[in-house]
Amino acid sequence: MVEQDAKRQPKATNIMASKTQLPCDGDGICMLCKAKPSDLETITCKTCVTPWHVDCLSSPPETLASTLQWDCPDCSSPPEDVPLPPIGNNPLPTTPSSDLVAAIRAIEADVSLTDREKAKKRQELLSGKMQSDKDDHDANKEKKKKGDDVLDLLDERLNCSFCMQLPERPVTTPCGHNFCLKCFQKWIGQGKNTCAKCRCVIPSKMASQPRINSTLVVAIRMAKLSKSLVSGGPQKVYHFVHNQNRPDKAYTTDRAQRNGKANAASGKIFVTIPTDHFGPIPAENDPERNQGVLVGECWEDRLECRQWGAHFPHVAGIAGQSNNGAQSVVLSGGYQDDEDHGEWFLYTGSGGRDLSGNKRTSKDQSFDQKFEKSNQALQVSCLKGYPVRVVRSHKEKRSSYAPEKGLRYDGIYKIEKCWRKVGIQGFKVCRYLFVRCDNEPAPWTSDEHGDRPRPLPKISELKKATDITERKGGSSWDFDFLSGER
DNA sequence: GGGCCCGCAGGG
DNA sequence: CCCTGCGGGCCC
């Protein structure tokens, strides 16, 4: 039933490989003449979507039509012994990327459209039928459904045949199949030289020097973007909605130049809470395990912690919005003014630090902190008595309550007071008194404080520790734990 | 071990 | 779009 389709053969440009042929690099610079050709002087391969400098090609295409259907020297004229790729009875080409991308680019280039309109057009394009611009209001529900379909369609056709996910740093074989760079290299490393999907021979050049199909990257991104913009509409779109295509673990994006968690993007968020969800994460929001996030749960790093919803920001210590309150904090011991007593602790606000140059998280304070942004969010949570999830990190061991390793979810606290004072570095800091308030036994397990639950701190103890110099908001001292209401 | 530099995510 | 940020890896 396999049809050999002659039309699949590259246009007979019959490149003579007498002269070295090299494409443009990632910056659009011709690797042969080192010049940066304009768009008009550049031609893009229909298979691998790599740009080439026309003037440096030994045999450039002659007609407009052949330009659109052009295969670069790497992808055309396979060795004589290579059979034509077997084509199934699917009438669609197996490389949606080139045509699709050309059309998407045309939309992108249209300056008369807003981002939103572009997204809509992209989405229409991807769904294969141009939808008339009828009333935008009640079509929302339908669009939402359609958005999913589009992404699903993309998924099926673009997925890496090894890991079945949307490819990470996708490479495309001349036969039109996409793989993650890593998956592809692993396959080649096993001595294979045929496409894992259709068994067609992979040219040795491509095998030894696979190129990232950057345009496919863009297409996948655009499709996702278009989905989020069109389906989400004005209402809030939570992260977990667009989560389905992320791998289970943090991953290196095509943009990152290094592997590893330092520059990684987050893996799938497993829980179904919105990022502004207050309080514990219950079992009903944990479809993965159906148990919720339990006090004492530990994670390797912040990205993993994020995936379970305990604390969403990747770097920042406070999760919150100035008008809404703060959902969670991370205690790392990195702040001199922090004081961790387990059952209660003093937390320092963010800001006031010198972040010039590349210092993302300098420890040197150079100006006063204010109750704004995330500091204000904590203030709101204090005033309203909202529950705050607390995660401890033991990067610097300051307290016997710190977890043995990694990060640990230590349950719900309330911010009993907040104020500003002059910190150790001589600048004002925002300060918050957190007191544990959930019903589970205190999670500390050190010998020193082995008796659980640990008694609540005495007011005098807190007063002494907090050293209030300026009070800003906060509940009164008669907070509920005095009466035993936790 | 400290400094530097990277890219992601989120708020505004 | 810009700025910030209680990471994290690598290089010195």
Side-chain angles (χ1 to χ4, degrees), chain A residues 114-115 168-169 221 225 228 236-240 242-243 246-247 249-269 274-277 299-307 309-340 345-367 369-370 372-378 380 388-399 402-403 406-408 410 423 425 429-432 434:
Chain A
T114 66
D115 281 351
E168 287 178 43
R169 295 194 283 173
R221 254 195 221 141
L225 181 67
S228 70
K236 200 159 185 180
V237 179
Y238 295 119
H239 207 112
F240 67 87
H242 312 298
N243 210 26
R246 287 182 179 258
K249 287 188 175 170
Y251 62 99
T252 308
T253 63
D254 63 293
R255 193 179 150 185
Q257 300 189 1
R258 293 177 185 163
N259 290 323
K261 297 268 178 87
N263 302 313
S266 160
K268 194 176 286 176
I269 308 290
T275 51
D276 58 2
H277 165 88
W299 302 283
E300 279 295 312
D301 51 55
R302 288 285 296 270
L303 283 170
E304 204 181 294
C305 168
R306 165 188 164 77
Q307 290 185 261
H311 185 80
F312 283 105
H314 174 44
V315 177
I318 302 166
Q321 308 76 34
S322 59
N323 61 345
N324 197 28
Q327 292 81 35
S328 54
V329 296
V330 173
L331 273 152
S332 78
Y335 275 65
Q336 289 180 282
D337 293 292
D338 280 7
E339 218 179 280
D340 192 355
F345 60 88
L346 298 173
Y347 196 76
T348 311
S350 69
R353 291 177 156 190
D354 177 19
L355 300 176
S356 58
N358 260 319
K359 285 178 275 193
R360 287 284 182 276
T361 51
S362 160
K363 298 196 173 186
D364 298 326
Q365 219 181 329
S366 55
F367 52 98
Q369 291 185 356
K370 288 178 182 161
E372 56 185 25
K373 299 181 182 171
S374 48
N375 294 348
Q376 195 181 351
L378 285 175
V380 170
V388 184
R389 293 186 298 275
V390 169
V391 172
R392 281 186 165 83
S393 149
H394 89 308
K395 286 283 145 56
E396 289 178 41
K397 227 175 190 166
R398 285 177 76 244
S399 143
L407 293 128
R408 168 173 168 149
D410 275 334
Q425 297 196 23
V429 293
C430 296
R431 249 191 160 191
Y432 306 87
F434 281 69

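Naming convention: chains lettered A, B, ... in sequence-line order (proteins, then strands); numbering from 1 in each chain. Since we're looking at a predicted model, the values are computed, not measured.
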For this session: Could you work out which one of B:dG12, C:dG8, B:dA9 sits closest to the side chain of A:Ala262?
Result: C:dG8
Exercise. Taking atom OG1 of A:Thr252 and atom NZ of A:Lys261, what is their separation to the nearest 0.5 Å?
Worked result: 10.0 Å
Seminar exercise, completed: Ranking A:Gly320 and A:Arg258 by the position along DNA chain B of their nearest nucleotide, the one closer to 5' is A:Arg258
Exercise. How close or far is atom C1' of B:dC6 from atom CZ of A:Arg255, stated in whole angstroms?
Worked result: 10 Å
Seminar exercise, completed: Per atom distances to the A:Phe312 side chain, the nearest of C:dG8, B:dG10, C:dT4 is B:dG10
Exercise. Looking for any heavy atom pair under 4.0 Å, which part of the strands does A:Ala319 touch: base, sugar-phosphate only, or nothing?
Worked result: nothing
Exercise. Considering only heavy atoms and no angle criterion, is a donor-acceptor pair shorter than 3.5 Å present between the side chain of A:His314 and the base of C:dG5?
Worked result: no
Problem set entry | Separation between CZ of A:Arg389 and CD of A:Gln327, rounded to the nearest 0.5 Å | 6.5 Å
Exercise. Quick one: is B:dG11 close enough that its OP1 or OP2 comes under 4.0 Å of any side-chain N or O from A:Gln321?
Worked result: yes
Exercise. OP1, OP2 of B:dC8 versus side-chain N and O of A:Thr253: anything below 4.0 Å?
Worked result: yes
Seminar exercise, completed: Applying the 3.5 Å cut-off to both distances, the Watson-Crick or G-U partner of B:dG10 turns out to be C:dC3
Problem set entry | N/O donor-acceptor pair, side chain A:Arg360 with base B:dG7, under 3.5 angstrom | yes
Exercise. So, are A:Asp364 and A:Lys359 salt-bridged, with charged N and O less than 4.0 Å apart?
Worked result: no
Problem set entry | Under-4.0 Å salt bridge between A:Arg431 and A:Asp337 | no
For this session: Report the distance from atom OH of A:Tyr251 to atom P of C:dG8, rounded to the nearest whole Å.
Result: 17 Å
For this session: May I ask you to verify if any side-chain N or O of A:Ser322 is less than 4.0 angstrom from the OP1 or OP2 atom of B:dG12?
Result: yes
For this session: Could you tell me the separation between the OG atom of A:Ser350 and the OH atom of A:Tyr335, rounded to the nearest 0.5 Å?
Result: 6.0 Å
For this session: Would you mind telling me which of C:dG8, B:dG10, C:dG7 lies closest to the side-chain atoms of A:Arg306?
Result: B:dG10
For this session: Ignoring backbone atoms, test whether A:Arg246 places a side-chain nitrogen or oxygen under 4.0 Å from the OP1 or OP2 oxygen of B:dC8.
Result: no
Exercise. Closer to the 5' end of DNA chain B via nearest nucleotide, is it A:Glu372 or A:Gln257?
Worked result: A:Gln257
For this session: Check whether any side-chain N or O of A:Arg302 sits under 4.0 Å from OP1 or OP2 of C:dG5, and answer yes or no.
Result: no
Exercise. Can you check the A:His311 NE2 to B:dG11 P distance for me, whole Å?
Worked result: 11 Å
